[in-house]
Amino acid sequence: MGASDGKILEPLIAALRRASSVFALTGSGISAESGVPTFRGAGGPWRTHRAEQLASPEGFTRDPRLVWTWYNERLAAHRRAQPNAGHHALARLERSLRDFTLVTQNVDSLHVRAGSRNVVELHGHLREARCTGCDARRGLDEEGLPLDEIEHACGGRFRPNVVWFGEALPEESWRSAEAAARRADVVLVVGTSAVVYPAASSATNYNRRAFVAEINPEATPISERVSCVLRAPAAQALPQIVDAFA
Ligand code: BV8
C-alpha cells in the first residue's frame with residue numbers, strides 16, 4: 001500500500017472522523033520493524049518447540065533456569081529495540097481522540113516507551129518478575145533476573161510477569177479490553193496472526209457495527225471478516241493513516 005493508495009484509506013479515514021470510540025489490538029508484528037522477531041515468523045521464538053515448552057507453567061516448573069535464560073535474552077532484545085513509526089503513530093492517534101484504547105498482546109513495552117498511555121497489556125510485560133509463592137514483585141533491568149536469584153525467601157520462585165498458555169488473562173485487563181471492543185466505532189487490528197485467544201476475539205467477536213481495519217502484510221483467519229485490509233507493514237501504514245486523519 002503506497003502513499004498513492006490514499007483511495008484505499010478513504011473509508012477508514014471517514015470512519016475514524018465519525019468515530020467517538022476507537023480500539024486497537026496489536027501483536028508482535030507491530031514490533032517487527034523495531035527488530036524484535038515475531039512469534040511465528042522466521043527466527044521467531046514460537047518456531048521452535050522450545051518456545052511452547054518454555055512459555056508455560058509446566059516448562060517453568062521443569063526448568064526455571066532455562067526459562068529465565070530465554071526470557072532474559074528476549075528482555076535484552078526488547079531493551080535494545082526502539083519504538084518504531086507504527087508505535088509512535090498509535091501514540092499520536094491516542095492524543096487526537098477522546099476515547100482510544102490500545103490493547104496489546106506484546107510484552108516488549110514498546111507501546112509504553114512510545115508514549116501511549118491507555119495501554120492494556122493483555123499478556124503481561126517484562127518490566128518486573130513476580131513470586132509464585134507470595135506475589136512479591138521485583139523490577140527487571142536489561143540484565144533480566146540473575147539465575148541464582150530465582151528462589152524467593154518465602155519458598156516461592158520469581159517468574160516472568162507474563163501470561164502463559166493455559167493461564168487466565170488478568171481479569172481487569174480482559175474486562176477493560178472487552179468493554180473497549182464493545183463500544184468501539186473503529187477497530188484497528190495490527191500485526192497479529194489472530195490465532196491466540198481470547199485476545200484475537202476482541203477484534204471481531206464483540207461488535208458487529210464497528211469498522212474493522214486489518215493492518216498486516218499477510219492474510220490471517222480474520223481477514224475475511226474485516227471491513228478493510230491494508231496489506232502493508234505497520235510502520236508504513238499507521239503513520240499514513242494518522243497523517244490522513246489528523
Ligand atoms: C486462556 C505471553 C483460559 C508470553 C502469549 C483452541 C482454540 C482456541 C483457543 C485455545 C485452544 N487451545 C488452547 C487455547 C487457548 C490458548 C490459545 O489461544 N492457543 C492458541 C495458540 C490455539 N490461549 C490461552 O491459553 C490463553 N489463556 O485461554 O486461558 C483459562 C481461563 C480461566 C482459567 C484458566 C485458563 C493465554 C494466551 C496467552 C499466551 N501468551 N505470550 C510470552 O510472550 O512469552 S501468546 C503470544 O502469541 C504472544 O503474546 C503474541 O503476542 C501472541 C500472538 O502472536 P502474534 O502477536 O499474533 O504474533 P505472530 O508471530 O503469531 O504473528 C505476527 C503477525 O504480524 C503475523 O500475522 C505477520 O504477518 C504480521 N507482521 C509481520 N511483520 C509485520 C506484521 N504486521 C504488521 N507490520 C509488520 N511489519
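Atoms within each ligand, like the ligands themselves, are counted from 1 in listed order. Please read these numbers as outputs of a predicted model, since none were measured by experiment.
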message: Thr192 versus ligand 1: do any nitrogen or oxygen atoms come within less than 3.5 Å of each other?
response: yes
task: Can you sort out which atoms of ligand 1 are near Tyr71, meaning under 4.0 Å from one of its heavy atoms?
output: 4 (C), 42 (C), 44 (O)
query: For Ser28, what residues pass the side chain to side chain contact (heavy atoms under 4.5 Å, CB included) criterion, not counting sequence neighbours?
result: Thr38, Phe39, Asn106
message: Between Asp185 and Arg18, does the side-chain contact (heavy atoms from CB on, under 4.5 Å) criterion hold? Intermediate values first, please.
response: CA-CA 8 Å; Asp185 302 302; Arg18 291 192 303 273; over 6 Å; no
message: Heavy atom to atom 30 (C) of ligand 1, shortest distance: which of Pro198, Ala168, Pro217 holds it?
response: Ala168
field: Sub-3.5 Å N/O-N/O distance, Phe165 and ligand 1
entry: no
- prompt: Are a donor atom and an acceptor atom from the side chains of Asp99 and Ser20 found within less than 3.5 Å of each other?
  reply: no
- prompt: For ligand 1, which part of Glu167 has a heavy atom less than 4.0 Å away: the side chain, the backbone, both, or neither?
  reply: backbone
message: Looking only at the side chains, is there a donor atom on one of Ser56 and Arg62 sitting less than 3.5 Å from an acceptor on the other?
response: no
task: With heavy atoms of Gly27 as the reference, note each atom of ligand 1 found under 4.0 Å away.
output: 56 (O)
- request: Only counting residues at least two apart or in another chain, list the ones meeting side chain to side chain contact (heavy atoms under 4.5 Å, CB included) with Ala129.
  value: Trp68, Arg138, Leu140, Phe158
- prompt: Any N or O on Val163 sitting closer than 3.5 Å to an N or O of ligand 1?
  reply: yes
- prompt: Do any N/O atoms on Tyr197 end up under 3.5 angstrom from N/O atoms on ligand 1?
  reply: yes
- request: Give the single entry among Pro221, Ser193, Ala194, Gly29 that approaches atom 79 (C) of ligand 1 most closely by any heavy atom.
  value: Gly29
field: Short side-chain to backbone donor-acceptor contact, Asn161 and Arg130, under 3.5 Å
entry: no
- prompt: Going by the atom numbers of ligand 1, which of them fall below 4.0 Å from some non-hydrogen atom of Ser28?
  reply: 55 (P), 56 (O), 58 (O), 59 (P), 60 (O), 63 (C)
query: Could a heavy atom of Asn216 be found less than 4.0 Å from some atom of ligand 1?
result: yes
- prompt: Considering residues, nucleotides and ligands other than Arg208, do more than 12 of their heavy atoms fall under 6.0 Å from its CZ?
  reply: no
field: CA sep, side-chain torsions, deciding dist, call: Phe23, Val103, side-chain contact (heavy atoms from CB on, under 4.5 Å)
entry: CA-CA 8 Å; Phe23 172 89; Val103 173; 3.4 Å; yes
message: Test your reading of the structure: does Val196 have an N or O sitting under 3.5 Å from an N or O of ligand 1?
response: no
message: Surrounding CZ of Arg137 (heavy atoms of other residues, nucleotides or ligands, distance under 6.0 Å), is the total greater than 12?
response: yes
query: Which atoms from ligand 1 have a heavy atom of Arg74 less than 4.0 Å away?
result: 42 (C), 43 (O), 44 (O)
query: Could you give the distance from OG (Ser227) to CZ (Arg225), rounded to the nearest 0.5 Å?
result: 12.0 Å
- request: May I ask you to list the atoms of ligand 1 that are less than 4.0 angstrom from any heavy atom of Gly191?
  value: 63 (C), 64 (C), 65 (O), 76 (N), 77 (C)
Under-4.0 Å heavy-atom contact with ligand 1, by part of Val195 that carries it: backbone
- request: Counting heavy atoms only, name the option from His125, His123, Gln236 that's nearest to atom 5 (C) of ligand 1.
  value: His123
message: At under 4.0 Å between heavy atoms, is it the side chain or the backbone of Ala234 that contacts ligand 1, or both, or neither?
response: both
- prompt: Should Gln105 be counted as touching ligand 1, given the test is an N or O pair under 3.5 Å?
  reply: yes
message: For the NE2 atom of His152 and the CZ atom of Arg159, what is their distance to the nearest 0.5 Å?
response: 15.5 Å
